[in-house]
Each structure stands twice: as C-alpha cells, then as structure tokens.
Amino acid sequence: MAVSYNHKEIEQKWRKNWEKNPVNVDDGKKPKYYCLDMFPYPSGNGLHVGHWRGYVISDVWSRYKMLNGYYLIHPMGWDAFGLPAENYAIKMGVHPKKSTAENVSNIKKQINEISAIYDWDMEVNTTDPEFYKWTQWIFVKMFKAGLAYEKQMPINWCPSCKTGLANEEVVNGCCERCGAQVTKKDLKQWMLKITKYADRLLEDLDKLEWPEKVKKMQTDWIGRSYGAEVEFRVDGKDESITVYTTRPDTLYGATFMVLAPEHEMAKFLATPEKLAEVENYIYKASMKSSVDRLQDKEKTGVFTGSYAINPLNNEKVPIWLSDYVLADYGTGAIMCVPAHDDRDFEFAKKFDIPIIQVIAKDGKEIENMTEAYTDASGTMINSGDWNGMESAVLKKEAPIMIEKMGFGRKTVNYKLRDWVFSRQRYWGEPIPIVHCEKCGAVPVPEEELPLLLPEVDSYQPTGTGESPLADIEDWVNTTCPCCGAPAKRETNTMPQWAGSSWYFLRYVDSKNSDELVSKEKASKYLPVDMYIGGVEHAVLHLLYSRFYTKFLHDIGVVEFDEPFTKLFNQGMVCGRDKETGAATKMSKSLGNIVSPDDIVRDYGCDSLRLYELFIGPPELDSIWDDRGIDGIYRFINRFWKLAMDNKDKDIKPTEETERIRHKLIMDITKRLEAFSLNTVVSGFMEYNNKMYEIANKQGGIDRELIETMTILLAPFTPHAASEIWEQYGHEGSIFNEGWPKYDESKTVENSVELAVQINGKTKGTIKVSVDAAKDDVIAAAKDSIADKLTGNVIKEIYVPGRIVNIVMK
RNA sequence: GCCGGUGUGGCGGAAUUGGCAGACGCACAUGACUCAAAAUCAUGCGGAGCAAUCCGUGCCGGUUCGAGUCCGGCCACCGGCACCA
C-alpha cells in the first residue's frame, strides 16, 4: 500500500528543514539574480489570494533561477509610512506605530505560509529610523543639488485625507487613495524638480524590458511636445504676451488669443468697461474644482477688451480669457487658430470670431467649414511669404524662422509637473529642513540624521494645511544649524512614495549605518533583474523610483541609472459577483474576499501555489473559483502515488520513456522561459497522465523519469518535491540538483501522425515515419481516404509533421 | 474623443504563430468499488442529426490548398489618458 500524501506533515517538516539548512547561499562564485516583489503596505486586512499571486509568481521564478545556479536576492519589506497605514490607524483608534507593527507581524506570518524563499535578513521597513535616515539624506542631497525647492501655489488637496497630493495621485479628479473629489488649496509646498529629468526618464525607457503598456503610460505622462514660443505685443501697451504652440506653421491663421483665468496678465488686460466682467469670470473659475473644469465641455470665456498684434501680419487679434487654457502648462496663454484646432474652432463659433484657413485641404479652401482641419498636411494658403510651403515641413522650420525674426523661439514642453512633496500628515518622514529668518531654509546637517518623528498624542490631520507636527512646540522650535539663531522646523512630512522610491537599493546592505548602500554591495548585487507587481504603479512608484535612481546615479551612490531591468505586471485575481456572476475586484465591502488560510489548511500550500498559477495567464486578470483547486490537489496526489508506487521497482528506461523525459524537460523549460506559467502546470498534468498510461502498459515507470519530473516540480511544489526526493534516497536538497538539461534531438519520434485533408477539411489521419518520402506519404494519405476521392485531384500539399491536403475539384 | 487590451464549450482556459479548434482542469453524466455515501478508478462530454454528414473561435467581407491566427470594415466589454494648445 502506498503511503498517502499528507500535506500538513510534509509541509511542516520541510519548512522547518529549510529554516535550519538554507539552500540559497552566496558562495562568491555564483552569478546573482535579483528578483523583487513590490513590497506591501501593512494594512490590517491581511492578504488575500490576489496578493499571493504575485508572490507565488516571483517565488517560482526565483527558485527556477536558483536551480539554474544563481545566488538569489529575494527580499521582502514593508512600505509602512503613509496614508493607508495612517488612515487605518485613525479608523481603529490606535497609534500608527503600534498598528503598523501588529500588521507587519500578521502579514509576515501569512507570507511565510506560502514558503516563499525570502531572505529575511535583508528585511527593511520604511518607518525604521535607520531606514528613513537615508530617505531624509536623499532629500538633503536633492536640496543641495537644487532639486528640492519651496513654492507657494495652488495644489491638489484631498479634503478627506486632509493633505496635498502630487499630480500622479489624482485620478480622474479624485484622490488616488480614498476617492474623494480633489480640490485646490494655496499652500507653500516642497517640490522635487522631477521635470529636470524628463528627457532622461523618457529616453531611457528604450533600454528597459518592460511591458509596452507601462512604457506607453510613462511616455504619455511625461508628454513631451516640440513647438515654439511666440511673443505677441499688446496693442497700445508696452507689454507682450508669450504663447506656446506646437503648430507655429498656422501662425497666419491666429485670429484670437486666450489666456488662462489665472494668468498674471489677466486682470491687467481688462479695459475699464470690461473689468467687472473679467473679475467675475476669474472669480468663478477659481471656485470651480478640477472635476467641474474637466466635465464642463461647453466652452466659456470673456473678452478682455484688449488686443494683441499678430507679429507676422500685424493684424489685431482680441485677447480672451477662458478656463480651457491651463495656467500651469506652457505659458498659460495660447494663440488660437480656429481653422486648424478643434477647441479653438468651437470657441470661435460660439463667440463669433473670424476663422481663417491657412492650410489647403485637398488643395482647396474649405467652403462653409463645419469642423477644424487638424491634419498637418497640405499647402499653406492665406499665409503671406509662407504661401505654397508644405505645412508638415513648415511645422518644423517655423520655430527657427520665428527665432530669426526675433519674436519667439523653438521650445519643448512637458505634461510632467514637478512633484508636490509635502504632506500635511503625521505618519511620514519629517522633512529635514529648518526655517531661519536670516538664512532661509537650511537642511538639517547630514550627521544629525535621522531627524526622528516625534511622539504625539494627537496625530489626526488638522485640515488647516498645517501638519499635526506644527502643534509640538518643543519640537518645532529649534536653532538654525547655520547661524545658531532661533528657528523653526519644517512640519510637513514626506509622501508615502519617498521610502518606496529607493528601498530596493537598501535590501542588499540593510544594516549599513555609514552609507545608504556600500559601493561594493551595490555593484555586486544591484540593480533589480526582475520586478514583479501590479500595474497600478505605472506612473507613480515606477516613475518616482526611476527618478530617484537617476539622481543617486548622478551623485555617485550607484553606477546604474535604471533600477528595474525587467518588469512583470501580474493580473488581478477577481472574485465573482454572487448575483451577476461578473468578475469583480476582491474587496471587503463586496464580501468576495478569498482568504488563503483555509486553503492552505485543507489542501496545502503546494496546491495553493500551483492553483494560483493554473488559474490563467499570469499577466491577465482571472477569476477565483474555489472548486478548481480540487483538480490541482488530485494532480499532486496522483503524482505522489505514482512516485511512491514505483520507488522500489527496478524499471529500466526505454527509448520511449527517454524521449518523453527529454520532451518533458523541453516543454516545461520553454514554457517557463516564456513566462507561460499556467501552461507549465497543465503540462505537468499532461505528462503525469502520460506516465500513468505507460506505467499501466509496462507495469511501472523508471525512476529516471520520476526524478526528472520531481526536480522540474520543485520550484512549484517545493515541499512535495523535496519529500519525494528524500524518499528516493537523496540526501542533499533538491534545489542543489541543477535544472535538468534536455537534448532536442532526443525528443523526436520516428513516426508521426498526419492529418489527411480534402480541400482543407480533415477526413482522417495516417501514421508515417518521419523520414518518409513525400510521394510515399501522399500515396499513403490518398490510400487512407480512397473512397472519398471522387473528383479530379488538382493539387497535393504535404507539410511534414503536420498535414496532407488533397485539393479536389 | 484618443491610445492600449480582450472576445474560443456550462465555466477557467489551450492551440509549437497559417496546418487535426477545444489540450489541461472544473462542473456534469454513466459505470466499477461500497450495504450506502465520500474518496478513488474507468468512460463520455461544442451544437444539430439514428447516421453518413453539416455547422461552429464577437459580426461582415477578403487573401490562401488551408484562417482562432494574416488583411479591410464594424460591434461589445475592460483598462489608461483626456480642453496639455
């Protein structure tokens, strides 16, 4: 009688064993492989099967690399500062420090349940002073490099989280975290000059092996465009207004100009009789939230009463204000060419402004224009000296011509804005700056870092635009590090993204108190080879991390300037809506969360690991179905039984089983390399079924084949594989065996089955030897369907190994 | 509106990239074992038809000996961006 597979006992045994005898050891000779998971924030809800999908994928990939002879960097840590952790703490009425520590220990316990091969010696926690010392250090370095600066400006404000937000944190006008509608608030803020890196952030995307989707999202977010700034004199005044345009070729068609209501010249341009109307419009615009402004598709505007002079033809063009022009992009002012821009066209129609076509469509001027002609293709018309030129050519040359004529210049613009870095919240790294009346903003000396987050009684956000830290007088009041005079500390904290922008560097040298990371360890273990996580960070964490890494490269901390060579985004695991059956995101409020704990208890961690992969292609979202795991459990049991039944039989490999063995290795390896993890699992099942067939036929199966299959399974079901390995009499860890090699020439069968078709429709099959001559194959094929060959054969097609097709009339 | 992605049985999904559509698994059905059930094993399982056969990969058309796969035109759903001049 075979011993039945007892997952509980086996998994416990091996987990203990691995603790005592780690297999992933740096012997100084092995090449390194750094496989990283996006670290979680320790929320109180714990993990569900969706979180585990990413962790299983990375663990399987890591163990596969380990079997291929790499020393693995596979760490885990905690993104514990920031809004999620703090909001949770406030909701539960406990101090974030305490709740965070509790949640960390819970989730760590849960993570250990999948037996992921994390190196806990490397563990980091962003709220640990020894960690955030370096988060602050980077800020000081940025300040010294002129990349961190203070600015008073209206910023995105979440009224629910009671803090300012970065552009990246506003999704459809709502807070990325809590979903509340974002408003504007005028605040003095610390900003990081990420825009200085815009070109490098854009261009270096080319060197990354990242999903095209993510690269595209970053490209769009950076939003580089080429164009020109053009100066328009204001009629009758000694002033000029500069506009930004990507279509300088259409300058002759500019019939009006629009300024953002927030433009500094807006009020100044209003003529006395227009002043009241203009002030009213500016006031109304300032009251609109960004959401309203997005949703009001109908154009509004007000004429200032002033005119600008088109520098090319000296025509007077009216200057309007409208909220469809954004104050913080370009120059906050645009020239409007209604004939060739949809928005300008709509505006001109509404306010009855002349429309002058300057690019011919199909060689002609359009009669009764009903929509703007926005293609930059056609010949210039109504354009003075430029008439007859091709617009596409002119588009490129106009900026240079304008520059020569002295009223403008060639420019580049970006959608990317500088990063609003201050948060008016308690649970974050204090910004290490002291404000001195004489010396201004002075950084805390590097040797005094970390600047500890003080203990407070009330850590609730104030909502006033002040951080809760502002109330702690003995902390706020200090002396200037520069001149020693009384001074005040900066009371805002850093955003959650601060720690996560560089944590991956710290893992490899997490206990270093002198350096962020030592040169030696950085060059030995970094950068990250494979980064695995959800796609939701495409323009947040992933953009910020690239920026930080480039900065740290520039100041000589690391040698590379891109943090993550490869990126893999796993799909979400969805629950099913109980009524509609539709796939929905797993969430507590929908009550469709599947906890991994019960599954581990009933089926074992090996089963759960395998099922997380089997559920569907790893990069796509998939739907969790509890029943599906039965099939996985049956598979592991069946293979277990096969292995045990044949352990002591002395069956010799045959030509057939050797061929199957090589093919097995080849199939699994190729699918694994292609990251097709769901078909790796189905492949295991197929081969398991095949082995049963052969065992039934020849009374057993050789241990060669069983052992090969066991090693291949090791990254997937490490416990069961280790136990089988031991039962087969091996002493060392299965993970020291090396990934099995295959010989492709040994995988080919000497006879193949071909489909026989008539006019492309399959009528039957024949078996022929692989090296059979074409004529013989066709003859055999015809023979097999002789009764169906009723017409004139006009063509015979033979694709070796695949089909024979007889074309008949 | 623009840019991506997806569409294949009752369900999750395969298909070596133009070559036997539905691998593998779930669910279901029948049988074996059992007093019985569970577990396990065996068989079946896209639709229509007694059958031969016909139809079938979101829809319409094309290329080809042959199309889930390529081309043209649509439709639906899911993401991302969205007055960026």
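Owing to the predicted nature of the structure, the values given are computational and were not obtained by experimental measurement. As a basis for the values below, the full set of heavy atoms in this structure was taken, side chains included, without hydrogen atoms, waters or symmetry mates.
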* Asked: Any idea which of rA82(B), rG19(B), rA27(B) is nearest the Asn805(A) side chain?
  -> rG19(B)
* Could you work out which one of rG19(B), rC20(B), rC24(B) sits closest to the side chain of Ala755(A)? => rC20(B)
* Asked: Does Phe568(A) have its ring centroid less than 6.0 Å away from the ring centroid of Trp210(A)?
  -> no
* **Asn678(A) side chain, from C-beta outward: closest of rA14(B), rG66(B), rA85(B)** => rA14(B)
* Mind checking Thr245(A) for me? I need base, sugar-phosphate or nothing, with any heavy atom below 4.0 Å counting as a touch. => sugar-phosphate
* Structure fact -> Paired to rG46(B) by Watson-Crick or G-U wobble criteria (both distances under 3.5 Å) is rC55(B)
* Which nucleotide, in any strand shown, forms a Watson-Crick or G-U wobble pair with rG1(B), with both distances under 3.5 Å? -> rC81(B)
* rA14(B), rA85(B), rC26(B): which one has an atom nearest the side-chain heavy atoms of Ser225(A)? -> rA85(B)
* **Separation of rG4(B) P from Asp220(A) CG (nearest whole Å)** => 10 Å
* Contact state string [nucleotides 39-57 of chain B, B base, S sugar-phosphate only, - no protein heavy atom under 4.0 Å] -> -SS-----------S-S--
* Could you give the distance separating rG19(B) and rG66(B) at their C1' atoms, to the nearest angstrom? => 7 Å
* Gap in Å between the two P atoms, one belonging to rG22(B) and one to rU57(B), rounded -> 14 Å
* To do: With P as the reference atom in both, quote the distance from rA14(B) to rA23(B) in angstrom, rounded to an integer.
  => 13 Å
* Given rA85(B), rG19(B), rC81(B), which nucleotide is nearest the side-chain atoms of Val325(A)? -> rA85(B)
* Give Ile615(A) one of three labels, base, sugar-phosphate or nothing, depending on what nucleic acid heavy atoms sit under 4.0 Å from its own. => sugar-phosphate
* To do: Just call it for Lys415(A): base, sugar-phosphate, or nothing, with non-hydrogen atoms closer than 4.0 Å on any strand.
  => base
* Asked: Got a salt bridge between Glu231(A) and Arg409(A), using NZ or NE/NH1/NH2 to carboxylate O under 4.0 Å?
  -> yes
* To do: Using the C1' atoms only, state how far rG18(B) lies from rC74(B), rounded to an integer number of Å.
  => 24 Å
* To do: Please work out whether the ring planes of Trp640(A) and Tyr5(A) are parallel, tilted or perpendicular, with thresholds of 30° and 60°.
  => tilted
* In terms of side-chain heavy atoms of Lys299(A), which of rA82(B), rC83(B), rG19(B) is nearest? -> rC83(B)
* Asked: Hey, which of these two, Ile632(A) or Arg417(A), hits RNA chain B nearer its 5' end, going by closest nucleotide?
  -> Ile632(A)
* To do: Rounded to whole angstrom, note down the P distance from rU8(B) over to rA15(B).
  => 15 Å
* N-O pairing of Asp598(A) and Arg601(A) below 4.0 Å -> yes
* Protein-nucleotide distance (Glu212(A), atom CD; rG4(B), atom P), rounded to Å -> 11 Å
* Structure fact -> Regarding the side chain of Asn689(A), the nearest nucleotide among rC24(B), rC83(B), rC20(B) is rC24(B)
* Asked: Taking the side chain of Gln757(A) as heavy atoms from C-beta outward, which of rC83(B), rC24(B), rC20(B) is closest to it?
  -> rC20(B)
* Asked: With both distances under 3.5 Å as the test, what is the Watson-Crick or G-U wobble partner of rU63(B)?
  -> none
* Asked: In terms of base orientation, is rU17(B) syn or anti, with the syn window spanning 90° either side of 0?
  -> syn
* Return the nearest nucleotide to the side chain of Ser622(A); candidates are rC65(B), rG13(B), rA21(B). => rG13(B)
* In whole angstroms, how far is the C1' atom of rA38(B) from the CG atom of Asn637(A)? -> 15 Å
* Separation of the P atoms in rC45(B) and rG10(B), to the nearest angstrom -> 15 Å
* Does the ring of Phe716(A) carry Arg609(A) above it, NZ/CZ under 6.0 angstrom from centre and within 45° of its axis? -> no
* Asked: Taking the same atom, C1', in rU16(B) and in rG80(B), what whole-Å distance lies between them?
  -> 33 Å
* Asked: Below 4.0 angstrom, N of the basic side chain to O of the carboxylate: do Arg417(A) and Asp328(A) qualify?
  -> yes
* To do: Would you please indicate yes or no on a ring centroid separation below 6.0 angstrom for Trp52(A) and Tyr611(A)?
  => no
* Examine the base of rC20(B) for any acceptor or donor lying under 3.5 Å from a partner atom in the side chain of Glu753(A), and report the outcome as yes or no. => yes
* Specify the separation, in whole Å, of atom CG of Asp667(A) and atom C1' of rA23(B). => 12 Å
* Asked: In terms of side-chain heavy atoms of Thr679(A), which of rA14(B), rC24(B), rC65(B) is nearest?
  -> rA14(B)
* What interatomic distance, in whole Å, is found between P of rG31(B) and the corresponding atom of rG25(B)? -> 23 Å
* Asked: Does one side chain, of Tyr544(A) or Glu168(A), offer a donor that lies under 3.5 Å from an acceptor on the other?
  -> yes
* Does a sphere of radius 6.0 Å around NZ in Lys349(A) hold more than 12 heavy atoms from other residues, nucleotides or ligands, not counting ones at 6.0 Å or beyond? -> no
* To do: May I ask which nucleotide in the shown strands pairs with rG25(B), Watson-Crick or G-U wobble, both distances under 3.5 Å?
  => rC11(B)
* Given Ser607(A), which of Ile599(A), Ile636(A), Thr717(A), Asn637(A) fulfils the side-chain contact (heavy atoms from CB on, under 4.5 Å) condition? -> Ile636(A)
